[in-house]
Every structure is written in structure tokens, then in C-alpha cells.
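The structure appears right after this line, and notes come after that.
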Amino acid sequence: MGHTMFRPRRLREKSLLRTMVRETALAVDDLVYPLFAVHGRGVREPIASMPGQSRLSVDELVKEVKDVAGHGIPAVLLFGLPEEKDPRGSEAYAEDGIVQQAVRAVKDTVPDLLVVTDVCLCQYTSHGHCGVVEEGGVKNDPTLELLARVAVSHAEAGADMVAPSDMMDGRVGAIREALDDASYQETPIMAYSAKYASSFYGPFRDAADSTPQFGDRRQYQMDPANVVEAMREIALDLDEGADIVMVKPALPYLDVISRAKAEFGVPLAAYSVSGEYAMIRAAGRLGWLDEERAMMEALTGIRRAGADIVITYFAREVARILERDRGLR
Ligand code: PBG
């Protein structure tokens, strides 16, 4: 061993030094916590495939968001399960729809918490697709008008940001225009830009009752094999006025996150989806891996790849761990 040699272990020996040279910090300020709202009162329905997550009626959801905000988590992402579904998903843009009610209640209780809403139709349509179905297929352009109505109705209810997750072409532009026309020029759009047709949404579809009744989503969500196309999707959404772009899922697509950050340098979110959560939870429960460490490692990896914002069902656990490790509790 020559004496001028770089010895990487010098900086690994002491834990304080390790922390000092750490390149990526997972911080509570970067997290978004997703929640599922249902009709009723006092409802807390555990989601079997997502242990630790429940469908909540608005009164219960309000309790939950107080706790979320108390942990310093800056934002929630709201999904809704309607009472009635129809072919056009009209509950998605109803003034008293479930998400609209939830947004109002959350903003009333914890005004400082950022409320982001998922803009899509699949939880609301009887066929379970993210758009208008005609002749057995999902029609792009007729869907845009509905998505724009959903986004405006969320903004009217008080949403701080809207997040279209449908993957129709041109939806960011249509939503931007509709928001501007309704004088919500200041409401940002976080676009699910590179959203893949992924098996990792399985638990979510149980949770949100949004499994397509026929076919799958490959006509509109991206092919998992593609990354160049993801860059084109992102460029398109930015062109149409997206303020934040998103890659989804996260773990199997770290290269997409990394490339998107390098190519565009814009605010980037990554959605660590239900299946990623379920995998770590399940293996942890079986004692096959250390759940806490696996969770922190996976989420740190998503940040290291280039995501500024991480949407995760683990947000509250992460917040607790970060507090504990800082010795605040
Ligand atoms: C709605 C939507 C989905 C997810 C977020 N928004 C499901 C889908 O596209 O099938 C998945 C989130 C998750 O799996 O955690 N389009």
C-alpha cells in the first residue's frame, strides 16, 4: 500500500465523519403522503395488501392529517373512492365529490398542509379506465375535457396543486388552460409524466377499487422497456406547462429518474408506489429483511437517483425515524 493512496475506509471509520460526508439526505420536507378518502363517518377500512394503510372517511382523514402535519410532512396526495361509478366518472368532478369534500376539510383543519390531488377518472368510471371508453378503447381527446373539469373542481375546493395521473396526450395543456380560465393561474401542476404500465400498482387498485373491467392500461401508460420515450413525455409535459414532473413507479425506474434529472434539471418527483411498499412490508413481516433499514435504503436510493420529492406510503414511518435519530423524541 503506497502512502499517497486514497483509502476510502478513512472516512467510514467514525459515524460522525460518515454522516458529514454523506451525499444524500432523506429529509421529511421532501415527502408526500398519499391518503384514500371514502364516504361515511367513522370509517377506517384497513387495506389488506397495504398493511398500515386504510381507507378513511373525511372525519377520520382529518385526524390523520393533523398527525401527518405534526410530523412535519409538508404534503398529502388525496385519492377518493366514490359511492357511485358511471361511464364518464362524473363523481370525479362533482362539487360535493369525495375528494372535493376531503380537500375542504383538510384545508379547514390544517391550512398550512399542502393538499395535492390526484386527477384521474379510473376510480370513478364503471369500466375502471382512466378515460372515456368508446368502441372498446379509451378515447384521448374526449377525455381531456373531463380531466380539466376534475382539476378545476379540485382547485375550487382548495387544492394547492393538482397531479394528473391519466396519461392521456395533451392533458397537462388542457388542464393548464382550464385552470387559467377559471383564474387558478397560481395553482401548480405536478404531472405524472413518465408513468409506466406497471404491475406494482396492484395493491393500489385493491385500495382504490380501480382495476380495469376489461383489458389493461397499456394503451395509455408507458411500456416498462422505454426510457427515451420517457424523456419525450417529460419534455412534452413541460412544454404544456407542468411545474413538477414525475416518474412512477420509482424503484424499478431509478435510471429514468436519474436521466430525467440530468436532462431537464426541473423539480422532479418520484412515486414509490403501492407495490414497492407492499414488498418491503411483506418481507419485513416475514422476517426476511430488516424492514426499517430496507425502507430507508430504498427511499434514499430514490433521492440519490435524482428525485427532489418522494411520494411514499412510508412517509410517517420515515418522519418518526428521522425524529428519533435526531434525538428529538
Ligand atoms: C390512477 C393512479 C394509480 C396510481 C396512482 N394514480 C393507479 C393506476 O394507474 O392504475 C398508483 C399508485 C400506487 O400504486 O401506489 N390512475
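In what follows, residues are counted from 1 in the order of the sequence shown. All values derive from a computational prediction rather than experimental measurement. Every number for a ligand or one of its atoms is a count from 1 in the order of the listing.
Considering backbone and side-chain atoms together, Ser165 places an N or O closer than 3.5 Å to an N or O of ligand 1. The shortest N or O to N or O distance between Ser274 and ligand 1 is under 3.5 Å.
Using a cut-off of 4.0 Å between Lys/Arg side-chain N and Asp/Glu carboxylate O, Glu64 and Arg316 are scored as salt-bridged.
In summary, the atoms of ligand 1 found under 4.0 Å from a heavy atom of Asp118, numbered by their order in the structure, are 6 (N). Contact atoms of ligand 1 toward Tyr313: 12 (C), 13 (C), 15 (O) (distance under 4.0 Å to a heavy atom of the residue). Atoms of ligand 1 lying under 4.0 Å from at least one heavy atom of Tyr271, given by number and element, are 12 (C), 15 (O).
Proximity of Asp166 to ligand 1, defined as any heavy-atom pair under 4.0 Å, is not found for any part of the residue. Counting heavy atoms under 4.0 Å from ligand 1, residue Phe79 touches it through the side chain alone.
Protein heavy atom nearest atom 11 (C) of ligand 1, with residue, atom name and distance: Lys248 NZ, 2.9 Å.
Distance check: Met168 CE to Leu147 CG gives 7.0 Å after rounding to the nearest 0.5 Å.
Aromatic ring orientation, Phe79 versus Phe204: perpendicular (interplanar angle above 60°, classes split at 30° and 60°).
Distances from atom 2 (C) of ligand 1 to the heavy atoms of Arg205, Lys195, Arg217 put Lys195 nearest.
For Ser210, the closest heavy-atom approach to ligand 1 does not fall below 4.0 Å.
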